[in-house]
Protein chains: 2
Amino acid sequence: MGRPRGFDIDQALERAMRVFWARGYEGASLAELTGAMGITKTSMYAAFGNKEQLFRKALQRYGAGPAAYVTRALEEPTARAVALAFLRGAVRTTTPPGGPSGCLTVQGALASSDESRAVHDLLVDWRNDAGVRLEGRFRRAVNEGDLPRNADPRRLARFIMTMGFGIAVQAANGLVPAELDEVVDTALLGWPA
Amino acid sequence: MGRPRGFDIDQALERAMRVFWARGYEGASLAELTGAMGITKTSMYAAFGNKEQLFRKALQRYGAGPAAYVTRALEEPTARAVALAFLRGAVRTTTPPGGPSGCLTVQGALASSDESRAVHDLLVDWRNDAGVRLEGRFRRAVNEGDLPRNADPRRLARFIMTMGFGIAVQAANGLVPAELDEVVDTALLGWPA
DNA sequence: ACGGTTCTGCACCGAACGGTACTTAAGTAA
DNA sequence: TTACTTAAGTACCGTTCGGTGCAGAACCGT
């Protein structure tokens, strides 16, 4: 009951996510956010709480949408296929034809003032969590004999995550998908047989 | 002639650099900058011009100081030694015992609002320039027979740069030097003989 | 038609932002 | 000592920041 919401909350969140993606958490002002969302500040506060909670919801949406390749990659049958799918996914997501370059979780708040330490730490956890999941998948691969017994799952996961982050920066630098795919191929040359 | 400056301009710039390094360009406020520099805003404007020019000077100092490993690495005798020195240097610089984690040129302004687009572009150029120099060094290595004739210098340079950027993000994520050195070793497993 | 509930738009809040005018202090050269 | 030059400190500029109070508008069940 009550007056119905006059805008599509999903579409508004999607647009907010893109602004955060392009500008980072602190670089995205409420004026630009609500402008892109097509609503007033009052409506944003009523629907999402405040700027930080809007970012948290946008990050959730990012994880379920553009960054879903992380979860999908883990389901590949072999460790090598996982690594390849992960990095190819990173390339695709960080170079969307019509969207912002780079990765929301990297450029969201790599460095920031003290007031947004909470968001900074949230993103650190997000990034580290992806590494932990990758490590678990590689550990399984060792147990399954898919990776050599002497392979170090944590080390491999950290390497792949490092490549993923590097790809995000290179995408923000203007590299195109074809160039980044070459980088991925080069990175996997030393992958354990 | 005139009243002499009451502070060490080099030391003030060094401190400003560290604030930019930790906070990013937009995240570093004039209040925090001048506080760390130990001077007032008036003195800062008289000595450096404005915030953007202060950042440009800080970036210069960063290139000549913490990031000097880039130039030093290029002087190594072989392509492999160059790559190794570059990445080891990135690890050391992004994990200083008493200083901010990460790389100033990466977290300075990866994403930002429109007003600091100039700084954003400056950093994009800075990062790309490092890649170009690396590419030139690898091209020389091919000519010298140090790298196989079919090696692609641009591709190798992009790969090493990607690793460097990834290391910067991982450092900001809290990884310690020993862990990052392992990542470097893993990355070089597929390096052309 | 009604009260109850929720959303919207406008005006506004105090604080912090980058940047500056102006006065005073501290030095040099004559 | 005086005139000149430059730095330092204070108090302030207009703007933007994230965030709200309040009145009215749009829906519900009765």
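Below, each value reflects all heavy atoms present in this structure, side chains not excepted, and no hydrogens, waters or symmetry copies. Numbers restart at 1 for each chain; the letters A, B, ... are given by sequence-line order, proteins then strands.
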Whether Lys51(B) engages the ring of Tyr45(B) as a cation-pi pair (distance to the six-membered ring centre under 6.0 angstrom, angle to the ring normal within 45°) should be assessed. no
Whole Å only: how far is the CZ atom of Arg5(A) from the P atom of dT8(C)? 7 Å
Under 3.5 Å, is there a donor-acceptor pair linking the side chains of Glu26(A) and Ser112(A)? no
Would you kindly check if the NZ (Lys) or CZ (Arg) of Arg18(A) is within the cone defined by 45 degrees around the ring axis of Phe20(A) and under 6.0 Å from the six-membered ring centre? no
Using atom CG of Asp114(A) as one end and atom C1' of dG18(D) as the other, report the distance to the nearest whole Å. 17 Å
Met37(B) CE - dG18(C) P separation (whole Å): 13 Å
Which label fits Trp126(A) and Tyr62(A): parallel for a plane angle under 30°, tilted from 30 to 60°, or perpendicular past 60°? tilted
Value in whole Å for how far the C1' atom of dT20(C) lies from NZ of Lys51(B): 17 Å
Side chain of Tyr45(B) only, heavy atoms from C-beta on: which candidate in dT20(C), dT5(D), dC7(C) is closest? dT20(C)
Roughly how many Å is it from CZ in Phe48(A) to P in dT8(C), rounded to a whole number? 11 Å
Answer with base, sugar-phosphate or nothing: what part of the nucleic acid does Ser29(A) contact at a heavy-atom distance below 4.0 Å? sugar-phosphate
Closest-nucleotide mapping onto DNA chain D: is Pro4(B) or Lys41(B) further toward the 5' terminus? I mean the 5' end. Pro4(B)
Rounded to the nearest angstrom, tell me the gap between atom CG in Asp8(A) and atom P in dT8(C). 12 Å
Mind checking if Ser43(A) touches a base, just sugar-phosphate, or nothing, with heavy atoms under 4.0 Å? sugar-phosphate
Between atom CD1 in Ile39(B) and atom P in dG9(D), what is the gap in whole Å? 10 Å
By nearest atom, which of the nucleotides dA25(C), dG19(C), dC28(D) is closest to the Arg3(B) side chain? dA25(C)
Among dG9(D), dG18(C), dT8(C), the one nearest Thr42(B) by side-chain distance: dG9(D)
Within this structure, what is the OH-to-P distance between Tyr25(B) and dC17(C), rounded to whole angstrom? 14 Å
Row check, Phe138(A) ring normal vs Arg140(A) NZ/CZ: under 6.0 Å, within 45°: no
DNA chain C nearest-nucleotide lookup for Glu26(B) and Met1(A): closer to the 5′ end is Met1(A)
